[in-house]
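Some notes on the structure that comes next.
Counting starts at 1 for both ligands and their atoms, following the listed order. By convention here, the first residue in the shown sequence is residue 1. Heavy-atom basis, side chains included; hydrogens, waters and symmetry copies ignored.
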Amino acid sequence: MANVVVVGAQWGDEGKGKIVDWLSEQADVVVRFQGGHNAGHTLVIGDKVYKLSLLPSGVVRPNKLSVIGNGVVLDPHALASEVERLGEQGVSITRENLRVAENATLILSIHRELDALRESGSAGTKIGTTKRGIGPAYEDKAGRRAIRLMDLADLGSLPEKIDRLLTHHNALRRGFGLDEFKPEAIYEELASVAPKVLPYMDAVWRLLDEQRRAGRRILFEGAQGALLDVDHGTYPFVTSSNTVAGQAATGSGLGPGAVGYVLGIAKAYTTRVGEGPFPTELFDETGELIGQKGKEFGVVTGRKRRCGWFDATLVRQTVRTSGIDGIALTKLDILDGFETIRIGVGYRLDGETIDYFPASQGAQARVEPIYEDFEGWSGSTAGARSWADLPAQAIKYVRRIEELIGAPVAVLSTSPERDDTILMKNPFEG
Ligand code: IMP
């Protein structure tokens, strides 16, 4: 029985929510392993709508264990308020169904402020972040001055840790011409939230090892997308964590062998929020139409997403950097009715043809996509539940994508409705 990792194969917002929800129903344990409350998705279960950004998707279903791994940066206030909000919707979250890694790094108000401050700077330095403090928190983790969840259980040791943190942050603040942070205020912030989050604390690596040995099915729920990976993405226009599948192991404390089937989620076209290169971006009415039909607005920030054609070169690259075994292709129905559909199949860079996305920022900005034009379909794919329901051209489109990216489509999603799905392979069955 394979454990399954779900990762976004583009720049996030690939429609992971529906697929992860379907998989979490079959899982015993659902684990978040990177990112923080910069993620956002909506789960529709029966007549209830749940909005999650930090908690693993399994949390809204009974008898599932949800785990926030050490690779996540945890805003304790965001956790407390998400737990409270779900409680108001009738979802009870206790130590029985939620555990958080004791060694998870905390996001503090100083991180949120710094993130927002940097984003308000000149256009050249702007990343277009979610301003949740994600980047600054990961910086402190790598800088070995972070405050971690376990530190809240030892309030006596906090002042020293806060001093170490502020030596760095107040130097920055002085540089920006801002008032320094007061250590007492940070202590208060942490001491007051500690009782709300400590009940969930655990040695997650051990817990997951036990669960794994007991043969329980583990679903690793990735956030963002592989092209936002801090190493493999469109640096510097990326998030601050590793979003590729390998992080499922590191970010939860299991060895790489614990990761079984890697399911990549890709939209039948491409979107991105925030700044950064996007070779197949559309600036015309076709892009507008895709955005409108696809309701391309961010769940967390409400920002309009940039839209463009499917870029097979990019997805082929993420298939490799994440070791994707199969793809869940989403939102095919949004392409219904287009006379011509284009697929990016390679790039031209400085007069040469290349079949990969170059690593350098300059080259990423200069590449021009090479397109293959594809005749669209007049019939509808919306709500299709079997191949027989699909127009012949739509099937050809999916088959061509498979060829170009070098991975099979395991799941095809044809509407936000759970049952509007064509299943070729259940990832949990290896
Ligand atoms: P950060 O993660 O807030 O630091 O933002 C860095 C980049 O990642 C920005 O371009 C964000 O728009 C993008 N990003 C972060 N989270 C998501 C997400 O859940 N979906 C799509 N893009 C995201």
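- One option in A137, G135, G128, G274 has a heavy atom closer to atom 9 (C) of ligand 1 than any other, and that option is G128.
- When hydrogens are left out, the protein atom nearest atom 23 (C) of ligand 1 is L228 CD1, 3.7 Å; that is the closest non-hydrogen contact.
- Counting protein heavy atoms only, atom 2 (O) of ligand 1 is closest to T239 OG1, 2.6 Å.
- Contact annotation: for W11 versus ligand 1, heavy atoms closer than 4.0 Å belong to the backbone alone.
- The aromatic rings of Y397 and F310 stand perpendicular to each other, their planes meeting at an angle above 60°, with 30° marking the opposite boundary.
- Looking at R366 and D350, a side-chain N of the basic residue comes within less than 4.0 Å of a carboxylate O on the acidic one, giving a salt bridge.
- For ligand 1, one of its N or O atoms has an N or O atom of R303 under 3.5 Å away.
- Remark: minimum distance from atom 10 (O) of ligand 1 to any protein heavy atom is reached at V273 O, 3.3 Å.
- A salt bridge links R385 and D420; the closest N-O separation between the charged side-chain nitrogens and carboxylate oxygens is under 4.0 Å.
- Protein heavy atom at the shortest distance from atom 17 (C) of ligand 1 is Q224 CG, 3.4 Å.
- No donor-acceptor contact under 3.5 angstrom links the side chains of D75 and H111, judged on distance only.
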- Task: Dump the intermediate steps for ring pair (Phe, Tyr, Trp, His ring centres under 6.0 Å) on Y261 and F428, then the final yes or no.
- Result: CA-CA 7 Å; Y261 189 97; F428 272 120; 9.2 Å; no

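- Remark: F338 CZ is packed, more than 12 non-hydrogen atoms of other residues, nucleotides or ligands lying under 6.0 Å away.
- Scanning the protein for heavy atoms near atom 3 (O) of ligand 1, the closest one is T130 OG1, 2.5 Å.
- Ligand 1 has at least one atom lying under 4.0 Å from a heavy atom of A39.
- More than 12 heavy atoms of other residues, nucleotides or ligands lie within 6.0 Å of CH2 in W22, so this atom counts as buried by the packing criterion.
- Which parts of ligand 1 touch I127 is read off a 4.0 Å heavy-atom cut-off, strictly below it: atoms 10 (O).
- Of the N and O atoms on the side chains of E102 and N70, not one donor lies less than 3.5 Å from an acceptor on the other residue.
- Remark: ligand 1 and R132 share no N or O pair separated by less than 3.5 Å (distance only, no angle test).
- Protein heavy atom in closest approach to atom 6 (C) of ligand 1: V238 O, 3.3 Å.
- F374 does not carry R342 over the face of its six-membered ring by the limits of under 6.0 Å from the centre and within 45° of the normal.
- Nearest to atom 20 (N) of ligand 1 among the protein's heavy atoms is D13 OD1, 3.1 Å.
- Under a 4.0 angstrom heavy-atom cut-off, E275 registers as lying outside contact with ligand 1.
- From the protein, the heavy atom lying nearest to atom 5 (O) of ligand 1 is T129 CA, 3.3 Å.
- Ion pairing of K267 with E296 is present here, as a side-chain N (NZ or NE/NH1/NH2) and a carboxylate O approach within less than 4.0 Å.
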